[in-house]
Amino acid sequence: KYAFNIFSILRKYDDEVGLHSKFLAELLNPHASHSIPDFQRLFIEKAINPAIDAQEWQREFLDSNVLYNCQTEALIEGFGRIDIILKSSDNIIVIENKIHAADQQKQLQRYFEACLEMGYSPDAIYILYLNKDGKPVTSYGKGTLQDDQYGRINYKDDISSWLDACIREANDYPHIKQTLLQYWRLVGSLTGDNRSAKMKKSHIDLLYQDNNFKLAHELS
């Protein structure tokens with residue numbers, strides 16, 4: 001029954017631009033058709049701030065109550081086309097969405113420079129490299145940008161966790177919740193993991209009990 005999925009019916013399941021970037025931007029846009037600004041708040045809480053906390057990324061935590069304007073496929077003359085941009089008066093968030101496409105030359109460096117050109121200070125520029133499973137950006141793609149100048153998130157963990165939270169947030173809106181569930185299943189197919197974040201944690205907790213990890217290894 002889960003084979004029916006409106007996203008894979010209308011688009012290729014791994015369509016980076018026409019499906020994933022477009023749908024993510026719709027969820028992140030507080031003024032979009034769903035009218036649920038908490039989707040954006042949850043993204044900051046579930047994806048961006050944890051990346052700042054866990055990685056070399058030298059940035060202050062973002063206030064999740066600040067609303068950002070959202071654009072997708074934004075062409076910045078001389079610097080390239082950015083998949084998703086979130087802007088406030090103080091900070092700018094750039095999301096480079098990679099599923100199968102290869103890194104472009106100095107891509108992250110160019111986007112950082114584009115934000116400087118827009119008038120944002122270096123500490124106010126939040127560059128996010130998003131891909132399926134957390135694979136690092138290549139030196140070719142990041143250019144002169146240092147590891148502490150950008151963050152990495154992935155579909156398998158960060159987007160799935162965020163979608164879990166969005167699904168709970170949309171509990172009172174069945175049509176939105178069902179759409180999110182279909183997209184969550186699509187992300188699971190994309191990454192080979194259809195477990196929810198709650199289920200993943202329960203599996204980890206179970207493995208930590210007694211000799212379960214050893215037993216699981218022997219069984220496999």
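The ring pair (Phe, Tyr, Trp, His ring centres under 6.0 Å) test applied to Phe23 returns Phe7, Tyr183, not counting sequence neighbours. Considering only residues two or more places apart in sequence or on other chains, Asn154 meets the side-chain contact (heavy atoms from CB on, under 4.5 Å) condition with Asn131, Lys156, Asp157, Asp158. A search for side-chain contact (heavy atoms from CB on, under 4.5 Å) contacts involving Lys177 returns Ile167, Ala170, Asn171, Leu181, not counting sequence neighbours. Scanning for side-chain hydrogen bond (donor to acceptor under 3.5 Å, both in side chains) contacts around Tyr150 gives Asp147, with sequence neighbours left out. Judged as a side-chain contact (heavy atoms from CB on, under 4.5 Å), and not counting sequence neighbours, Pro50 has no contacts. Every residue meeting the side-chain contact (heavy atoms from CB on, under 4.5 Å) condition with Glu45, not counting sequence neighbours, appears here in chain and number order: Arg41, Leu42, Ser64.
The heavy-atom pair separating Glu96 from Leu108 by the smallest distance is CB-CD2, 4.1 Å. Closest heavy-atom contact between Gly134 and Arg152: O-NH1, 3.4 Å. Closest approach of Ile153 to Ala47, counting heavy atoms only: CG2-O, 3.8 Å. When all heavy atoms are compared, the tightest approach of Asp38 to Glu169 is OD2-OE2, 3.0 Å. Across all their heavy atoms, Arg59 and Pro122 have their closest contact at NH2-O, 3.1 Å. For the pair Thr72 and Asp83, the tightest heavy-atom approach, listed with the atom from each and the gap, is OG1-O, 2.9 Å.
Note: Gln40 CD to Asn69 CG = 8.5 Å, rounded to the nearest 0.5 Å. To the nearest 0.5 Å, the span separating CD1 on Ile44 from CD1 on Ile93 amounts to 5.0 Å. Separating the OG atom in Ser21 from the CG atom in Asn97 is a distance of 3.5 Å, to the nearest 0.5 Å. In this structure, NZ in Lys98 is found 5.0 Å from CD in Gln104, a value given to the nearest 0.5 Å. Atoms CD1 and CG, from Ile36 and Asn29 in turn, are 12.5 Å apart once rounded to the nearest 0.5 Å. Taking CD1 from Ile176 and OG from Ser35, the interatomic distance works out to 7.5 Å, rounded to the nearest 0.5 Å.
Counting only N and O atoms by type, the side chains of Gln109 and Glu113 include a donor and acceptor under 3.5 Å apart. Judged by distance alone, the side chains of Asp14 and His100 do bring a donor and an acceptor atom under 3.5 Å apart.
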Exercise for review: Apply the test side-chain contact (heavy atoms from CB on, under 4.5 Å) to residues Ile125 and Gln149: give CA-CA distance (whole Å), side-chain angles for both, the deciding distance (0.1 Å), then the verdict.
Suggested key: CA-CA 8 Å; Ile125 301 170; Gln149 292 180 293; over 6 Å; no
Practice item. Could you give me the CA-CA distance, side-chain angles and deciding distance for Leu27 and Trp162, then say whether side-chain contact (heavy atoms from CB on, under 4.5 Å) is met? Key: CA-CA 11 Å; Leu27 293 182; Trp162 171 54; 3.8 Å; yes
Point to revise | Worked check of side-chain contact (heavy atoms from CB on, under 4.5 Å) between Leu130 and Tyr155 | key: CA-CA 7 Å; Leu130 166 63; Tyr155 280 92; 3.7 Å; yes
**Study point:** Chi angles and distances behind the side-chain contact (heavy atoms from CB on, under 4.5 Å) call for Leu145, Tyr129
**Key:** CA-CA 12 Å; Leu145 213 61; Tyr129 184 78; over 6 Å; no
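Taking the centre of each ring, His34 and Tyr173 stay at or above the 6.0 Å mark.
Linking ILVMFWY residues whenever their side-chain heavy atoms come closer than 4.5 Å, directly or via other members, leaves Leu24 and Val17 in distinct clusters. Following chains of ILVMFWY side-chain contacts shorter than 4.5 Å, one cannot reach Ile92 starting from Tyr126, and the two form parts of different hydrophobic clusters. In the hydrophobic cluster analysis, where Ile, Leu, Val, Met, Phe, Trp and Tyr join through side-chain heavy atoms closer than 4.5 angstrom, Phe112 is grouped apart from Ile84. Residues Leu10 and Ile99 share a hydrophobic cluster, clusters being chains of Ile/Leu/Val/Met/Phe/Trp/Tyr side chains in contact below 4.5 Å. The cluster map of Ile, Leu, Val, Met, Phe, Trp and Tyr, joined by side-chain heavy atoms under 4.5 Å apart, puts Leu62 and Ile127 in different clusters.
Side-chain contact between Tyr120 and Asn91 is absent, with no heavy-atom pair separated by less than 4.5 Å. The shortest side-chain heavy-atom distance between Val66 and Asp90 does not fall under the 4.5 Å cut-off. Between Met118 and Ile76, some side-chain heavy-atom pair lies under the 4.5 Å cut-off. Within the 4.5 Å cutoff, no side-chain heavy atoms of Ile85 are placed close to those of Tyr68. No side-chain heavy atom of Gln58 sits less than 4.5 Å from a side-chain heavy atom of Gln146. The closest side-chain heavy-atom distance from Trp57 to Ile48 is below 4.5 Å. Between Glu60 and Asp123, every side-chain heavy-atom pair lies at or beyond the 4.5 Å cut-off. A heavy-atom distance below 4.5 Å is found between the side chains of Ile52 and Asn49.
Glu26 CD: more than 12 foreign heavy atoms inside a 6.0 Å radius. Heavy atoms from other residues, nucleotides or ligands lying under 6.0 Å from NZ of Lys106 number 12 at most.
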